[in-house]
Amino acid sequence: MRILSTLAFALMGVCVKALGDTVPLGQLVFFRSAVALLPLVVFLWWRGDWPRGLVTSRPFGHIGRCLMGAVAMFTSFATIRLLPLAEATMLSYLSPVMLAVLGWVLLREQLSARRIGGVALGLAGAAVFFLPASAGVLPDAGGLGVALGLLTAVLTAGALIQVRRLTLLGEGAGAIAFWFAIVSALCGLATLPWGWVWPGAAGLTLLIATGLAGGLAHILMTLSFSHADASALAPFEYLSVLWAVALGFIVFAEVPGLAFLVAGPLILVGAIVARSGRPR
């Protein structure tokens with residue numbers, strides 16, 4: 001299930017990239033979130049969490065988490081549009097690095113020498129990405145793509161910090177996922193006055209597939225944790241990079257460049273080191 005979830009996330013990225021600039025970002029975020037509600041509601045009903053599992057006593061906490069996550073979805077999709085799929089996926093793995101820093105700043109979690117080393121490796125990898133982008137080695141607007149990828153990592157880490165706070169306060173995973181999908185869909189819908197397009201059959205199929213792939217990926221990931229410890233499943237998360245490399249080559253004829261080959265190991269090792277350690 002964990003392996004299939006990484007594949008589903010990668011397929012979602014393929015759909016986003018295949019749409020290109022034919023659909024506004026806000027419309028894409030709306031479909032990604034609204035369509036994902038369908039499998040999510042079925043999943044919650046199957047687990048017996050519908051609708052009582054959606055009750056929350058921390059509405060403002062959910063709003064903060066949802067807004068950060070929704071903005072991260074905008075920047076993530078923009079990154080996929082601007083960069084090759086493998087590079088965009090790799091930048092997303094800076095979020096554990098940022099999470100270690102924000103956990104230290106906001107939650108006063110211990111920042112050990114091991115985690116400091118992970119943060120340093122991750123930031124070094126980001127620098128390796130940014131320098132060739134600014135020199136014009138990556139595609140046009142590559143520098144903007146790298147900057148948005150870094151912003152996505154920071155926003156994702158902030159959203160995860162808020163998720164951690166909510167779970168510590170007793171909020172259920174179903175409520176967190178459901179309200180995030182609702183708020184993200186509303187944020188996407190709010191961009192309607194700035195111009196949506198009526199997609200053709202192929203575009204509509206890709207929009208629906210984006211939502212279904214994203215929703216199924218989250219469900220499969222959640223189910224996987226009910227069958228194995230998080231520490232046992234963690235290494236499989238990094239299969240997303242391999243899926244992105246393979247799918248980028250097969251679908252878009254993208255070949256990872258030197259920056260990816262140098263920065264990739266730094267970011268991956270930094271992410272692994274930054275998130276390792278015995279949980280409290």
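What you see is a predicted model, and the numbers here were worked out from it, not measured in a lab.
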Donor-acceptor pair, side chain of [X] and main chain of [Y], under 3.5 angstrom:
X	Y	answer
S5	R2	yes
T6	S240	no
R65	V163	no
T156	A153	no
S33	F30	no
Q27	V197	yes

Heavy-atom closest contact ([X] atom, [Y] atom, distance):
X	Y	value
A201	T205	O-OG1, 2.8 Å
T79	G149	OG1-N, 3.2 Å
P39	L212	CD-CD2, 4.2 Å
L91	G145	CD1-O, 4.3 Å
V245	A86	CG2-CB, 3.8 Å
G195	P24	O-CG, 3.2 Å

Looking at side-chain heavy atoms only, is the closest gap between [X] and [Y] below 4.5 Å?
X	Y	result
L44	R52	no
L148	F74	no
L83	V146	yes
E87	E254	no
P199	L207	yes
F180	M68	no
L121	I267	no
V241	F260	yes

Exercise. Do the ring planes of F9 and H218 sit parallel (below 30°), tilted (30 to 60°) or perpendicular (above 60°)?
Worked result: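 F9 vs H218 ring planes: perpendicular.
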Exercise. Which word best sums up how the rings of F178 and W50 line up, parallel for under 30°, tilted for 30 to 60°, or perpendicular for over 60°?
Worked result: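 It falls in the perpendicular class, over 60°.
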Taking [Y] as the starting point, is it possible to reach [X] by hopping between hydrophobic residues whose side chains are less than 4.5 Å apart?
X	Y	answer
I219	I208	no
M73	L189	yes
I63	L155	no
L151	V71	yes
V55	V41	no

For this session: Please name all residues satisfying salt bridge (charged side-chain N to carboxylate O under 4.0 Å, His left out) with R58, sequence neighbours left out, ordered by chain then number.
Result: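 For R58 there are no salt bridge (charged side-chain N to carboxylate O under 4.0 Å, His left out) partners, ignoring immediate neighbours.
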Spacing of [X] atom [atom1] and [Y] atom [atom2] [to the nearest 0.5 Å]:
X	Y	atom1	atom2	answer
L204	L206	CG	CG	9.0 Å
C15	F31	SG	CZ	13.0 Å
C187	I182	SG	CD1	11.5 Å
L220	L4	CG	CG	6.0 Å
L242	L7	CG	CG	11.5 Å
L150	S92	CG	OG	11.5 Å

Does either side chain, that of [X] or that of [Y], offer a donor lying less than 3.5 Å from an acceptor on the other one?
X	Y	value
T75	T152	yes
W243	T89	no
T56	W179	no

Exercise. So V23 and W196, side-chain contact (heavy atoms from CB on, under 4.5 Å) or not? Walk me through it.
Worked result: CA-CA 7 Å; V23 175; W196 282 17; over 6 Å; no
Exercise. Name the one of L85, L11, T210, L25 that satisfies side chain to side chain contact (heavy atoms under 4.5 Å, CB included) with V16?
Worked result: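 Testing V16 for a side chain to side chain contact (heavy atoms under 4.5 Å, CB included) against L85, L11, T210, L25 leaves exactly one candidate, T210.
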Problem set entry | Intermediate values then yes/no, side-chain contact (heavy atoms from CB on, under 4.5 Å), L28 and R81 | CA-CA 12 Å; L28 179 55; R81 286 183 172 181; 4.1 Å; yes
